[in-house]
Amino acid sequence: MGESDSSQPRPTALIVDDEKEVADAYALRLRGLCEIETVYSGRAALETIDDEETDVVLLDRHMPSMSGDDVLAALADREYYGRVVMVTAIDPGFDVLDMPFDDYLCKPLDREDLRAAVRQQTVILGYETLGEYFSVESKRRVIAAEVPADERDQHAAGKQFAELPDGSRDRSGGCRSWGQPP
Amino acid sequence: MTGETTDAQSVRIDQYPDPACSYVIDDVPTVTGVNDAFATQLGTGVEGEPVARAFESLGLCVRGAGPPFAACLEHGDTFRVRRSPGESAYVVQTVAPEDGTTGFLFFTATEDEQSGAGRPDTLGIDHVASVVSHDLRNPLDVAKARLRAGRELGEEEHFEHVARAHERMERIIQDVLTLARGEEVIEPDEVVDLAAVATAAWETVETNGAALTTEGDLPTATADPGRVSRLFENLFRNAVEHGAPDGDHRTVTVTIGTLASEADGFYVADDGPGIAPPDRPRVFEPGYSSEDHGTGLGLAIVEQIADLHGWSIAATGSAEGGARFEITGVESP
């Protein structure tokens with residue numbers, strides 16, 4: 001497993017499963033692919049996502065107190081930027097039609113399937129972020145080129161575009177590394 | 001029920017084909033009469049007895065909680081009884097007395113018992129399928145991941161996890177068999193020190209820092225030590241999981257002890273949020289679980305194990321407001 005260049009930020013995956021053994025086994029399977037966090041409850045998952053940059057969430061559905069479905073709904077409310085993969089022992093029914101996840105994996109899994117799913121989501125997220133970056137970048141350029149500097153500084157949004165948000169720059173850097181196989 | 005202005009006294013219980021009895025509430029609910037079906041199927045000589053004592057002398061156990069039973073008789077409700085172990089079970093419809101009139105209990109044998117095909121809680125194929133598919137998948141997944149890691153990395157620790165996952169799968173299989181086959185897999189023929197079994201069982205449960213305290217001496221009993229250990233494990237797991245809901249980092253204290261009443265037995269209690277009285281009779285139903293990540297069979301198994309030993313179990317409340325399970329009818333050898 002070739003470690004990618006450590007100077008590049010690696011994507012972060014959050015594994016959410018109320019069974020510690022399961023969460024830890026998944027962490028083991030993802031070793032070397034990305035930064036891994038494990039939490040054992042839905043509430044802890046939301047706390048982690050609020051506090052830390054989390055790119056991909058691997059979410060168990062059946063958990064006490066706050067189920068995976070609840071976490072998913074809470075993430076949708078927050079307009080969470082990352083990707084959510086349901087990993088569950090529950091065979092999906094029609095209820096999944098309305099659920100805002102990005103992929104659905106049924107246990108038990110093979111290591112390859114899990115890694116492929118996470119890799120795929122990070123690539124998609126990379127392109128999404130890259131798209132966002134280009135959209136912002138093109139606006140910045142057009143403002144820089146067409147709007148005189150003094151007018152630009154008086155306009156809050158214009159100024160904001162001129163100083164491209166750091167997060168966008170960081171993540172666009174990240175997305176290049178995510179596209180590579182680990 | 002009797003919405004019309006029918007005089008309750010005129011209701012003739014002997015016209016009811018299944019067991020039925022009448023009662024009045026005179027301080028306590030007291031049996032005033034039984035019909036023929038009651039006499040042949042359940043027994044005689046209970047007229048004039050308080051309903052609770054009559055049930056006891058006839059070997060009828062109310063399934064689930066104690067308090068709701070009394071409430072049923074006063075307010076009219078449906079509850080379930082069983083002649084344990086493994087005999088007939090009935091759904092009982094109560095017509096509560098109004099203003100000092102007569103009340104009635106109508107028994108209906110549950111289908112499974114009538115056909116003798118099995119116990120009322122015998123698992124349906126649906127439930128077996130969901131247990132097997134859901135619950136075996138997690139340990140299977142863990143075993144797969146750890147086996148591979150162990151092989152590739154040559155680290156011993158992974159095999160420990162494989163072994164634990166296998167133990168868990170074995171337990172699940174045993175649980176399903178206990179529920180489905182009952183008598184065939186249980187052998188209550190050893191003298192068992194319940195305190196020792198409980199302490200050993202505590203060690204095997206992931207207790208999240210919870211504490212176990214013992215009050216008084218637990219009795220010894222003639223029992224199947226493996227199954228009794230399972231009974232404790234499931235009660236402990238239930239206490240630990242429901243005693244401190246997610247996000248609540250308090251430490252649960254689980255207490256086991258001997259029942260103070262004359263009924264021989266013991267209890268397992270916790271200081272968590274407890275079980276709401278209306279839910280108490282239902283917690284033993286297979287698949288009843290609002291949240292545990294297990295099979296939803298934990299307490300159904302506990303009840304089954306108690307039943308197969310000839311014990312009764314009821315869910316009540318602990319002094320601290322938590323859940324308390326009382327196991328009665330435990331005879332010392």
Side-chain angles (χ1 to χ4, degrees), chain A residues 1 15-33 36 38-48 50 58-71 74 86-93 104-115 117-118, chain B residues 126 129-153 155 157-169 172 205-208 237-249 272-273 287 289-296 298:
Chain A
M1 273 175 272
I15 300 166
V16 190
D17 200 307
D18 60 308
E19 287 195 46
K20 191 173 175 302
E21 278 286 309
V22 175
D24 293 349
Y26 281 30
L28 189 65
R29 282 169 162 161
L30 291 178
R31 226 187 244 179
L33 183 71
I36 303 155
T38 46
V39 291
Y40 310 120
S41 74
R43 217 170 298 277
L46 290 180
E47 279 168 23
T48 306
D50 284 343
L58 297 170
L59 188 58
D60 182 29
R61 277 186 81 181
H62 197 115
M63 290 189 289
S65 166
M66 187 174 209
S67 72
D69 295 8
D70 296 339
V71 175
M86 306 303 280
V87 186
T88 164
I90 304 174
D91 288 319
Y104 195 105
L105 301 177
C106 284
K107 296 174 184 175
L109 285 164
D110 279 322
R111 183 169 71 193
E112 285 70 24
D113 296 338
L114 183 68
R115 293 176 75 92
V118 171
Chain B
D126 246 21
S130 91
V131 168
V132 170
S133 64
H134 180 270
D135 279 55
L136 288 177
R137 279 177 187 178
N138 277 331
L140 180 60
D141 213 2
V142 170
K144 277 179 69 157
R146 294 291 182 171
L147 178 62
R148 190 148 168 192
R151 274 187 182 149
E152 289 177 6
L153 307 170
E155 293 164 2
E157 53 149 318
H158 297 298
F159 296 116
E160 289 299 311
H161 290 273
V162 176
R164 274 214 294 277
H166 284 164
E167 275 163 26
R168 180 145 170 238
M169 290 192 262
I172 293 168
V205 175
E206 208 163 300
T207 51
N208 293 330
R237 214 168 273 134
N238 186 71
V240 171
E241 279 169 17
H242 298 274
D246 174 35
D248 183 353
H249 295 295
S289 173
S290 42
E291 34 193 60
D292 81 60
H293 63 233
T295 50

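Order of the sequence lines sets the chain letters (A, B, ...), proteins ahead of strands, with each chain counted from 1.
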Just so I know, are the side chains of B:His161 and A:Leu28 near enough to count as touching, which here means a heavy-atom distance under 4.5 Å? no
Begin with the C-alpha distance, continue with both residues' side-chain angles, and end with the deciding distance and a verdict on side chain to side chain contact (heavy atoms under 4.5 Å, CB included) for A:Asp24 and B:Arg146. CA-CA 10 Å; A:Asp24 293 349; B:Arg146 294 291 182 171; 3.6 Å; yes
Kindly indicate, with the supporting measurements, whether the criterion side chain to side chain contact (heavy atoms under 4.5 Å, CB included) is fulfilled by B:Leu153 and A:Arg31. CA-CA 12 Å; B:Leu153 307 170; A:Arg31 226 187 244 179; 3.8 Å; yes
Contacts of B:Leu140 that satisfy side-chain contact (heavy atoms from CB on, under 4.5 Å) - sequence neighbours left out: A:Pro108, B:Met169
Of all the heavy-atom pairs spanning B:Arg137 and A:Lys107, show the shortest one and how long it is. CD-O, 2.9 Å
With sequence neighbours excluded, residues passing side-chain contact (heavy atoms from CB on, under 4.5 Å) with B:Ala165: B:Pro139, B:Val142, B:Ala143
The reported gap from CG in B:Asn138 to CG in A:Asp60 (rounded to nearest 0.5 angstrom) is 6.5 Å
